[in-house]
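Each remark here refers to the structure printed beneath this line.
Atoms within each ligand, like the ligands themselves, are counted from 1 in listed order.
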Amino acid sequence: MFEFKYLQAKSVSEAAAFIAANPDAKLLAGGMTLIPTLKQRLAQPSHLVDIGGLPELRGIEVKDGKLVIGAATRHHEVAASAVVGQALPALAYLAGQIGDPQVRNRGTIGGSVANNDPAADYPAAVLALGATVVTTRREIAADDFFQGMFSTALEEGEIVVRLLFPLPRRAAYVKFPHPASGYAMTGVFVADTKTGLRVAVTGAGPGVFRWSDAESALAKQLNPAVLDGLAVAADDMNEDIHATREYRANLVRVMAKRALQKLLES
Ligand SMILES: Cc1cc2nc3c(=O)[nH]c(=O)nc-3n(C[C@H](O)[C@H](O)[C@H](O)COP(=O)(O)OP(=O)(O)OC[C@H]3O[C@@H](n4cnc5c(N)ncnc54)[C@H](O)[C@@H]3O)c2cc1C
């Protein structure tokens with residue numbers, strides 16, 4: 001048995017100050033990842049600092065041409081939002097595919113990107129759309145934020161405050177979900193952005209990544225058939241009881257083709 005203290009933060013600055021003064025404390029948002037981790041004794045924090053209900057971390061709006069989503073906004077709120085549905089329907093769709101209703105009603109977008117599970121859905125959208133992660137200390141470009149399995153550019157005590165999504169011309173997400181958890185065995189988010197077509201893959205490798213060969217080929221010819229001649233290296237993919245490396249490598253191409261087809265039909 002281990003004990004921890006629970007603190008309901010009254011503001012982001014209070015949470016940040018507390019975490020800075022107590023390095024063994026952990027932020028709690030939706031708890032959908034952290035609580036199972038505590039149950040398995042994989043983490044034993046001194047305090048849980050609950051930021052899940054803070055109004056300054058919630059909310060969805062379009063501002064200065066970007067979709068702005070507060071870090072503690074829950075997956076269900078993103079999925080059901082008329083603002084997201086209008087501005088970035090592929091993101092609303094993605095949020096609606098996460099886990100099950102309980103997970104979507106508790107889990108938050110900030111918790112998901114901070115955790116950076118290699119099979120999580122949001123990182124694919126954040127990376128493909130070239131979003132910006134705004135924290136209590138700075139703004140971090142998506143290309144610099146995700147750094148491999150459960151690893152991000154976040155420093156000790158740094159809190160994700162909101163995400164800024166530049167609006168693409170069009171975008172689409174397709175995943176092959178694990179039948180029990182809903183996590184992506186492989187998910188591909190494609191976005192037609194101001195800087196070109198971006199393709200981000202989650203679930204297949206040790207962390208979310210951009211499939212640059214596909215991006216280059218599609219820049220020359222925007223046709224799903226172009227992907228037939230391309231493959232990611234199976235050696236770089238994950239292997240577990242659910243799927244071999246080779247299977248996941250094949251899924252990347254299949255999901256990318258489907259996502260592109262969906263984008264072209266949108
Ligand atoms: C059964 C099940 C199925 C799931 N299926 C899917 C799925 O299909 N797709 C998917 O993407 N995810 C899935 N998830 C994960 C879910 O989306 C979680 O919501 C998400 O991974 C973590 O978000 P949270 O708000 O619950 O974070 P928490 O569990 O509260 O926190 C997770 C970690 O992030 C840190 N953290 C939280 N908020 C912040 C912040 N604002 N700034 C800095 N650090 C922060 C915490 O300290 C902790 O280390 C599933 C989870 C479960 C239990």
Nearest to atom 49 (O) of ligand 1, what protein heavy atom do you find, and at what distance?
-> Lys26 NZ, 3.4 Å
In sequence, state the C-alpha distance, the side-chain angles, and the governing distance for Leu163 and Tyr122, and then conclude on side-chain contact (heavy atoms from CB on, under 4.5 Å).
-> CA-CA 11 Å; Leu163 288 112; Tyr122 274 126; over 6 Å; no
Measure the distance from atom 25 (O) of ligand 1 to every protein heavy atom, then report the residue, atom name and distance (to 0.1 Å) of the closest one.
-> Thr108 OG1, 2.6 Å
What atoms in ligand 1 come closer than 4.0 Å to a heavy atom of Thr33?
-> 18 (C), 20 (C), 21 (O), 22 (C), 26 (O), 29 (O)
Does any N/O atom on Leu27 come nearer than 3.5 Å to any N/O atom on ligand 1?
-> yes
Nearest-neighbour protein heavy atom for atom 17 (O) of ligand 1, which is reported as residue plus atom name and distance | His75 NE2, 2.9 Å
Could you list the residues that satisfy side-chain hydrogen bond (donor to acceptor under 3.5 Å, both in side chains) with Lys257, not counting sequence neighbours?
-> Asp228
Any N or O of Arg106 that comes nearer than 3.5 Å to an N or O of ligand 1?
-> no
Which residue and non-hydrogen atom of the protein lie closest to atom 45 (C) of ligand 1, and at what distance in Å?
-> Ala114 CB, 3.6 Å
What are the two closest heavy atoms between Val78 and Ile60, and how far apart are they?
-> CA-CD1, 4.1 Å
Could you tell me the residue and atom name of the protein heavy atom closest to atom 41 (N) of ligand 1, and the distance to it rounded to 0.1 Å?
-> Val160 O, 3.0 Å
Please confirm whether Ala184 comes within less than 3.5 Å of ligand 1 when only nitrogen or oxygen atoms on both sides are compared.
-> no
Minimum-distance protein heavy atom relative to atom 51 (C) of ligand 1 | Tyr183 OH, 3.5 Å
The answer for which part of Ile51 has a heavy atom under 4.0 Å from ligand 1 is side chain
Return a yes/no value for Asp100: is any of its N or O atoms, backbone included, closer than 3.5 angstrom to an N or O of ligand 1?
-> no
May I ask you to decide if Gly205's main-chain N or O and Arg248's side chain share a donor-acceptor pair within less than 3.5 Å?
-> no
N or O pair under 3.5 Å between Leu28 and ligand 1 = no
Please could you name the atoms of ligand 1 that Ala120 approaches to less than 4.0 Å, counting only its heavy atoms?
-> 10 (C), 11 (O)
What's the shortest distance from atom 18 (C) of ligand 1 to any protein heavy atom, and which residue and atom give it?
-> Met32 CB, 3.6 Å
Taking N or O atoms only and a 3.5 Å limit, does Glu158 qualify as a polar contact for ligand 1?
-> no
Assess whether atom CD of Glu156 is packed by more than 12 heavy atoms of other residues, nucleotides or ligands within 6.0 Å.
-> no
Taking only non-hydrogen atoms of Gly99 and a 4.0 Å limit, the atoms of ligand 1 in range are 4 (C), 5 (N), 6 (C), 7 (C), 8 (O)
Touching ligand 1 at all, Asp117? Heavy atoms, strictly under 4.0 Å?
-> no
Could you see which bit of Lys175 sits under 4.0 Å from ligand 1, with heavy atoms only: side chain, backbone, both or neither?
-> side chain
So among Ile19, Leu27, Thr152, Thr135, which one has a side-chain contact (heavy atoms from CB on, under 4.5 Å) with Glu158?
-> Thr135
State whether the number of non-hydrogen atoms from other residues, nucleotides or ligands found under 6.0 Å of Glu239 atom CD is greater than 12.
-> yes
Any donor and acceptor pair, going by atom type alone, linking the side chain of Thr132 with main-chain N or O of Glu139 inside 3.5 Å?
-> no
Lys26 NZ/CZ over Phe4 ring centroid, <6.0 Å and within 45° of normal | no
Main-chain N/O of Phe18 paired with Asn22 side-chain donor or acceptor, under 3.5 Å | yes
Flag, side chain of Ser112 to backbone of Ile109, donor-acceptor distance under 3.5 Å = no
Using distance alone, determine whether Ser181 and ligand 1 share an N or O pair under 3.5 Å.
-> yes
Backbone N/O of Val226 and side chain of Gln221: donor-acceptor pair under 3.5 Å = no
Angle class for the Tyr247/Phe176 ring planes (parallel below 30°, perpendicular above 60°, tilted otherwise)?
-> perpendicular
Whether Thr202 side chain and Pro118 backbone form a donor-acceptor pair below 3.5 Å = yes
Which of the atoms of ligand 1 are close to Asp121, meaning less than 4.0 Å from one of its heavy atoms?
-> 7 (C), 8 (O), 9 (N), 10 (C), 11 (O)
Proximal candidate to atom 27 (O) of ligand 1 [heavy atom criterion; set Pro177, Gly107, Gly111] = Gly111
By side chain to side chain contact (heavy atoms under 4.5 Å, CB included), Asp143 pairs with (sequence neighbours left out) Leu127, Arg198, Arg210
Which residue owns the protein heavy atom closest to atom 1 (C) of ligand 1, what's the atom, and how far is it?
-> Val103 CG2, 3.9 Å
Non-hydrogen atom of Arg104 closer than 4.0 Å to ligand 1 = no
Before signing off on this row, confirm whether Gly182 and ligand 1 have an N or O atom pair separated by under 3.5 Å.
-> yes
Below 4.0 angstrom from a heavy atom of Gly30, which ligand 1 atoms are there? Numbered from 1 as shown, please.
-> 24 (P), 25 (O), 26 (O), 27 (O), 30 (O)
Under a heavy-atom criterion of less than 4.0 Å, does Pro36 contact ligand 1?
-> no
Do any N/O atoms on Gly31 end up under 3.5 angstrom from N/O atoms on ligand 1?
-> yes
Can you tell me how far the CG atom of Leu34 sits from the NZ atom of Lys39, to the nearest 0.5 Å?
-> 11.5 Å
Do ligand 1 and Ile35 have nitrogen or oxygen atoms that lie under 3.5 Å from each other?
-> no
Without swapping roles, check the side chain of Glu61 against the backbone of Val68 for a donor-acceptor pair under 3.5 Å.
-> no
